[in-house]
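What follows is a short report on a single structure.
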4 protein chains.
Amino acid sequence: MARAKDQEKRQLILTTAKALFARQGFHNTSVSQLVNQLAIPVGSIYTYFPSKEEILQAIIEEGWQDLKTALDQELTQAASLEAQLEILVSSVLPRLFQDTDLISIILSEGLEISRLDEKIDSLITLVLNLRKEAGLMELSSADPALTRIRTAIIIYFLGLMNAARLCTRTPLGISQADLLSFIRDLIHRELALS
Amino acid sequence: MARAKDQEKRQLILTTAKALFARQGFHNTSVSQLVNQLAIPVGSIYTYFPSKEEILQAIIEEGWQDLKTALDQELTQAASLEAQLEILVSSVLPRLFQDTDLISIILSEGLEISRLDEKIDSLITLVLNLRKEAGLMELSSADPALTRIRTAIIIYFLGLMNAARLCTRTPLGISQADLLSFIRDLIHRELALS
Amino acid sequence: MARAKDQEKRQLILTTAKALFARQGFHNTSVSQLVNQLAIPVGSIYTYFPSKEEILQAIIEEGWQDLKTALDQELTQAASLEAQLEILVSSVLPRLFQDTDLISIILSEGLEISRLDEKIDSLITLVLNLRKEAGLMELSSADPALTRIRTAIIIYFLGLMNAARLCTRTPLGISQADLLSFIRDLIHRELALS
Amino acid sequence: MARAKDQEKRQLILTTAKALFARQGFHNTSVSQLVNQLAIPVGSIYTYFPSKEEILQAIIEEGWQDLKTALDQELTQAASLEAQLEILVSSVLPRLFQDTDLISIILSEGLEISRLDEKIDSLITLVLNLRKEAGLMELSSADPALTRIRTAIIIYFLGLMNAARLCTRTPLGISQADLLSFIRDLIHRELALS
DNA sequence: CATGAATGAGTCTTCATTCAT
DNA sequence: TATGAATGAAGACTCATTCAT
């Protein structure tokens, strides 16, 4: 019981901090502002997190983990490659792009903190696995095609993340729906080619 | 007459601050760290800039302006559309992607400061103009094709910027040359279509 | 439970700041000088007051409030008008004139801070009430006699305050006792007239 | 010629500084604000005054000197004691009370700077001389009547100065004309007595 | 255990005065 | 001589974290 309540409070801290960090930036958000919003005493924070920075890290890592867990779950339930792609396009990616607070934080903070490179690596691995499942032959690590794929994934992923963030903050003339259309087109085109 | 304001010193402040802000972040760089590195007295900073934040803004705006000036100059000297694209791919974009410090700063700071949206807008205008010069008919503002183009530009631009930044900071397995190849392929493919 | 905010420390800050501000002026007294004198860390000041200026305001408002509270208390205990005047002359005014630090601060700082006008207004109200209690008829707000009384109160009050301040700082050849004699004479004369 | 122009500039600095110091306070007025208002270079100030504080002192001393010079001149031209008092009430005092900027500065700054005590002393001497001219016998320095007169002068003078300042800054319900009426009444009453 | 006052190194910025030009 | 950039000590204030209660 006590544990459950603790976890709830921990989650509440995370949620509130996430909104604050995303809108004002990590450095422009003070711990006291956070506790004011939460209406809890300052000391409380430090029973859940050893430092302000670890709150930031937890937001990023746990947010990303949630996404990955959902992805894995939905992907294993999919019958075919087509179904898997459909899930990607209709379920997982929209969920990621909707979480602009998480995206903002990941993109704004230092690489050491967000560990974007690790996240991209795992994404590349995922795509490569899908390729293999699709029956395409594996690429040797020296193959220039591998580099091309890797490059494309990085550019598309980062471009989409950043675009999703900007969409909600600024009048760019496009919407999140347009981003999803872009992905759908992209996947269809790529599949037709291969 | 008194000393004239030393524009070289102003530039030195800008250059040093740029490197510092890019590597450590704006908030993790103190004014005293900056003046230590420059070996000038604190007050000097404030004869050239009214605040720390205005240094940041000058870095972004002047850096971007330099790029645009170079772009405009080189573009007007190009004889054909092909030559213009070649300049884009071989000269201007490489220069932008090499300036990872500038990119880092633009992408990491708040929208109000970096005004990324304005920069993207001017980029879209540029591309639309190139299209017109190429003899393609103009798109009405309601045309879904316009939205598609807009979306693509945003994604590619942001993706490339971010990828260029990551390349030099983290071992992602790709290089800036790969990014340029990506662009080259992209342009050729798009031109073939049109 | 954490430490309770120490009201004694707050009072000590107020007392020390009052002496410093009165002798050196608000602007010539730095926060670090204040904390040095108090032998407490800088931050402590800011757990009790939001800013240096609010210390000044607290000194003035609380000092004035103390005086008014004492005045009200003693006045209600007085049996007759004569007793009330006696209290004024023998107890409350001497106490005010003795607090030359408070007077100095009130007179030296800006009107927005000291709100001298409000203080004078409440004094005029007090005197008018005493008049009424004495059975004198009320003056209509257009009556020139009201303006005369108002003018006299303002001049006497400000003159006495300022004189009290100067007495202790400079060799003017008069003492606080002389000021009290002046008041006593004044009141007797005025009462005889009315 | 050159000297005349210099004196003009010096006077302009004094006039501008006086208005600024009176309205914002000495410490809240920076030298650069002053030179901005004057539209002259910073260095210029220091060819006329050795420091910011000496500007303040010049404002006070020269302002006071002007008043005294005018007073002496007009007083010696007066035929009778009545004429002298009339001059005091109708000419010199109104001029002093109108110069609320000067009064503000004198009353707000430290005693060491404004040397209020010296000014009061010279005022007492003046009144004592008038008394002597009026044929009243001189008072020995031990005479309690001397102390009474001295006290009264101090209180009236400081009270009127302060009241004049407050009148123009705050809605106290009285005007400078009321102050002059007060003085007139006072003098008539006192003369009737003696 | 929960609390929030206490801490002090560190933040950005100011500004009267000087002096190289 | 006139100028205004240069200077740097000093200014008020912040804030993540600790620890006495």
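Keep in mind that the numbers below use all heavy atoms, side chains included, and drop hydrogens, waters and symmetry copies.
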| said: Check this one for me: any side-chain N or O of K9(C) less than 4.0 Å away from OP1 or OP2 of dA5(E)? | reply: no
| task | Go through the structure and list residues passing side-chain hydrogen bond (donor to acceptor under 3.5 Å, both in side chains) with T16(D), not counting sequence neighbours. | result | none
| field | Y46(B) side-chain proximity, nearest of dT14(E), dA6(E), dT7(F) | value | dT14(E)
| said: Students often mix this up, so state it plainly: with edges at 30° and 60°, are the rings of F26(A) and F21(A) parallel, tilted or perpendicular? | reply: perpendicular
| said: If you compare every side-chain N and O of S32(B) against the phosphate oxygens of dT11(E) (OP1, OP2), does one of them come in below 4.0 Å? | reply: yes
| field | Residues forming a salt bridge (charged side-chain N to carboxylate O under 4.0 Å, His left out) with K18(C), sequence neighbours excluded | value | D99(C)
| task | Would you check if there is a donor-acceptor pair between the side chains of S108(B) and R165(B) at a distance under 3.5 Å? | result | yes
| message | Applying a 4.0 Å non-hydrogen cut-off, can you work out what Y48(B) is touching in the nucleic acid: base, sugar-phosphate, or nothing? | response | sugar-phosphate
| message | Nearest 0.5 angstrom please: N162(D) CG to L107(C) CG, how far? | response | 5.5 Å
| remark: note: I13(A), atom CD1; dA16(F), atom P; distance rounded to Å ~ 15 Å
| Do the side-chain N or O atoms of S44(C) get closer than 4.0 angstrom to the phosphate oxygens (OP1, OP2) of dT7(E)? | yes
| field | Residue whose closest nucleotide on DNA chain F lies nearer the 5' end, T47(B) versus T47(D) | value | T47(D)
| said: Could you spell out the base pairing of DNA chain F as a dot-bracket line? Use Watson-Crick and G-U wobble contacts where both distances are under 3.5 Å, [ ] for crossing pairs, | for partners on a different strand. | reply: .||||||||||||||||||||
| note | Rounded to whole Å, CD of Q33(A) lies from P of dG4(E) at a distance of 19 Å
| request: Figure out the CD1/P separation between I55(A) and dA16(F), and round it to whole Å. | output: 10 Å
| Closest-nucleotide ordering on DNA chain E, the 5'-leading residue of K5(C) and T29(B) | K5(C)
| note | N28(D) CG to dT14(E) P, in whole Å, measures 14 Å
| query | Can you tell me how far the CH2 atom of W64(A) sits from the OG atom of S114(A), to the nearest 0.5 Å? | reply | 10.0 Å
| query | With respect to the phosphate group of dT11(E), does any side-chain polar atom (N or O) of S30(B) fall under 4.0 Å of OP1 or OP2? | reply | yes
| said: Tell me the interatomic distance from L34(D), atom CG, to dG4(F), atom P, rounded to whole angstroms. | reply: 15 Å
| remark: Taken to the nearest whole Å, NE2/H27(C) to P/dA12(F) is 10 Å
| Within this structure, what is the CZ-to-P distance between R3(B) and dT3(F), rounded to whole angstrom? | 16 Å
| field | From dC13(F), dG4(E), dT3(F), nucleotide with atom closest to K52(C) side chain | value | dC13(F)
| N36(B) CG - dG8(F) C1' separation (whole Å) | 13 Å
| remark: Side-chain contact check for P41(C): nearest option of dT17(E), dT7(E), dT3(F) is dT7(E)
| request: Starting at CG of N36(D), measure out to OG of S30(D) and round the result to the nearest 0.5 Å. | output: 7.5 Å
| query | Is R169(A) salt-bridged to D101(A), going by a charged N under 4.0 Å from an acidic O? | reply | yes
| field | V42(D) side-chain proximity, nearest of dA6(E), dC12(E), dA5(F) | value | dA5(F)
